[in-house]
Each structure stands twice: as structure tokens, then as C-alpha cells.
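Here the structure is a predicted model, which means the values were calculated and not measured.
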Amino acid sequence: QEVMYNQNIFEKLYPASTTKVLTAYIIIRYANLDDMVTVSENAAKPGESSSVCGLNTGDQISVNDLLYGLMLESGNDAAVALAEYYSGSVEAFAKVMNDEAKKLGATKSNFVNPSGYPDDNHYTTIYDMYLIFAQAISLEKFTEVINSAEYTANYKDANGTAVTKEWKNTCKYILDSQEVPTGFTVVGGKTGTTNAAGYCLVLYSLNEKNERIISIIYKADARSNLYLYMSEILSGFGK
């Protein structure tokens with residue numbers, strides 16, 4: 001709750017898949033994670049060039065498993081499946097997202113889908129995403145999910161045949177493929193990438209004093225620079 005560094009935090013920006021932070025927050029806070037969901041054709045085909053976790057029409061899968069497909073593999077198919085399960089449609093869920101965002105003080109945002117799929121009317125600000133993410137990490141289940149390097153989902157397809165999927169976290173710090181700055185423990189985060197949004201990362205870390213650090217970068221020009229900038233911000237301002 002203290003700003004150590006900021007740049008353009010009120011600028012209107014595209015959030016890409018960091019949108020899924022809000023989707024996960026709503027589902028964890030208000031839904032039953034043991035509920036079973038039948039994946040619709042609409043969810044199984046969530047849009048051209050979508051990142052997906054490999055769901056097919058008719059799959060029978062738990063809300064809990066969908067959360068991991070949403071946050072680790074960044075599945076737009078999981079996002080749509082959760083939206084349809086919770087609200088009946090993507091459009092109805094977007095209204096829930098906007099209402100919830102405003103409750104959290106994120107008043108300069110507008111969400112039209114649960115995944116961050118590109119749309120001119122789907123936008124947020126760094127500060128709004130900070131407010132949303134700060135609430136999300138207050139939920140134990142949320143931090144458990146984003147802290148997972150990988151997850152094995154077991155569910156059934158439309159014919160009742162068992163399906164096993166291995167999903168891996170897209171955050172390089174969690175995968176140990178990116179060195180964490182000295183003195184910090186990365187709990188987890190959410191990546192996002194589109195042409196309009198650039199490379200994005202919302203991150204939750206702890207410093208050596210066990211203080212909670214939220215750091216957000218939007219619109220980096222390359223994945224390598226995204227992590228370079230993030231590490232520099234933590235080292236320079238998070239100690």
C-alpha cells in the first residue's frame with residue numbers, strides 16, 4: 001500500500017491475459033470449486049490465435065481444474081468455460097467483472113471478456129490492475145494456484161473417457177527459467193501477451209523483510225526485456 005516506483009500507472013492500456021486475474025478472483029471468491037463444468041463448443045474455440053489449455057467440446061471438468069488451466073497455461077478456453085458456468089455467457093460475466101472491478105476501486109477499466117482476448121473496449125490501467133491483484137492475493141487459493149509450477153488435470157471427455165493434461169506456469173520466475181533477483185521470493189503472477197498489449201506481467205513477491213511486493217509491467221517490447229525490467233524494478237525499489 002505504498003508506491004515505491006510508478007510510471008504511467010493511470011494510462012489506458014490493454015491487459016491481455018492479465019485479465020484472468022480478475023476472472024480467477026471472482027471464481028475463487030464466489031463459486032464452488034468442486035462444481036463440474038461441461039465445456040461448450042464456444043469455449044473450446046475461443047478465438048483465432050488464442051492461448052488454450054486444450055479443452056474440447058463436451059469435456060467434463062471441475063471448476064478447480066479450470067482455474068489451473070486458466071492461470072498456469074493461460075487458457076482462453078478455460079476462461080470462457082468458467083464465464084459460461086458462472087454467468088451463462090461471456091457477456092453476462094463481463095458485467096460481473098466490471099461490477100466487481102468498480103467495487104475494488106478499479107474505475108478506469110472496462111472488460112468485455114474473461115480472457116483478455118483483444119478488443120478495443122477491453123482495457124485497464126496499471127493502478128486498477130494493482131487494486132484487483134491486491135485483492136486476489138488475499139485469497140489463499142489464488143496464491144496457491146499462481147505459486148504452482150505445473151499441474152496435472154484429470155477429467156473426462158464427451159464420451160466419458162479419462163483425460164490427463166499437464167499444464168505449466170507461464171511465469172518464468174516460477175519455472176526457474178528466469179533468475180529471481182537476490183533477496184526476493186517470487187510467490188507467483190500472471191503473464192499476458194498480445195500485439196496491442198505487448199509483453200505484460202503482474203507479480204507478487206516477498207522481500208527479505210517479508211514485505212509483500214506487487215510489481216506490474218505492461219507493454220514491454222520483448223519477453224526478455226519484460227523480465228529484465230521486472231528484476232530491475234524489484235532490485236531497485238522493492239528492498
Colleague: Any donor and acceptor pair, going by atom type alone, linking the side chain of D157 with main-chain N or O of N159 inside 3.5 Å?
Modeller: yes

Colleague: Y155 vs W167 aromatic rings, parallel, tilted or perpendicular, using cut-offs 30° and 60°?
Modeller: parallel

Colleague: For the residue pair Y151 and Y68, categorise the inter-ring angle as parallel (less than 30°), tilted (30 to 60°) or perpendicular (more than 60°).
Modeller: parallel

Colleague: Can you tell me if T18 uses its side chain to pair, donor with acceptor, with the backbone of P15 under 3.5 Å?
Modeller: yes

Colleague: Could you verify whether a donor N or O on one side chain and an acceptor N or O on the other, from N6 and Y127, lie under 3.5 Å apart?
Modeller: no

Colleague: Please lay out, stage by stage, how D119 and Y14 fare under the test side-chain contact (heavy atoms from CB on, under 4.5 Å).
Modeller: CA-CA 9 Å; D119 188 293; Y14 297 117; over 6 Å; no

Colleague: Go through the steps for T125 and K12 under the test side-chain hydrogen bond (donor to acceptor under 3.5 Å, both in side chains), then give the verdict.
Modeller: CA-CA 5 Å; T125 69; K12 176 180 168 182; over 6 Å; no

Colleague: Report the C-alpha distance between D221 and Y199 in whole Å, list the side-chain angles of each, state the deciding distance to 0.1 Å, and finish with yes or no for side-chain hydrogen bond (donor to acceptor under 3.5 Å, both in side chains).
Modeller: CA-CA 6 Å; D221 57 0; Y199 293 85; over 6 Å; no

Colleague: Compute the ring centroids of Y173 and Y227, then answer whether they are less than 6.0 Å apart.
Modeller: yes

Colleague: Would you say that L13 contacts Y123 through its side chain, given a criterion of any heavy-atom pair below 4.5 Å between the two side chains?
Modeller: no

Colleague: Quick check against the 3.5 Å criterion: does D77 have a side-chain atom that pairs as donor or acceptor with the backbone of P46?
Modeller: no

Colleague: Would you check, one step at a time, whether the test side-chain hydrogen bond (donor to acceptor under 3.5 Å, both in side chains) holds for Q60 with T38?
Modeller: CA-CA 5 Å; Q60 301 278 332; T38 300; 2.8 Å; yes

Colleague: Do other residues, nucleotides or ligands put more than 12 heavy atoms under 6.0 Å from N32 CG?
Modeller: yes

Colleague: Taking NZ in K141 as the centre, count heavy atoms belonging to other residues, nucleotides or ligands within less than 6.0 Å. Is the count above 12?
Modeller: yes

Colleague: Holding to salt bridge (charged side-chain N to carboxylate O under 4.0 Å, His left out), I want the full list of residues that pass it with E166, two or more places apart in sequence or in another chain.
Modeller: none

Colleague: Picking from K172, M230, K190, what satisfies side-chain contact (heavy atoms from CB on, under 4.5 Å) with L201?
Modeller: M230

Colleague: Dump the intermediate steps for side-chain hydrogen bond (donor to acceptor under 3.5 Å, both in side chains) on T170 and S74, then the final yes or no.
Modeller: CA-CA 7 Å; T170 58; S74 201; 5.5 Å; no

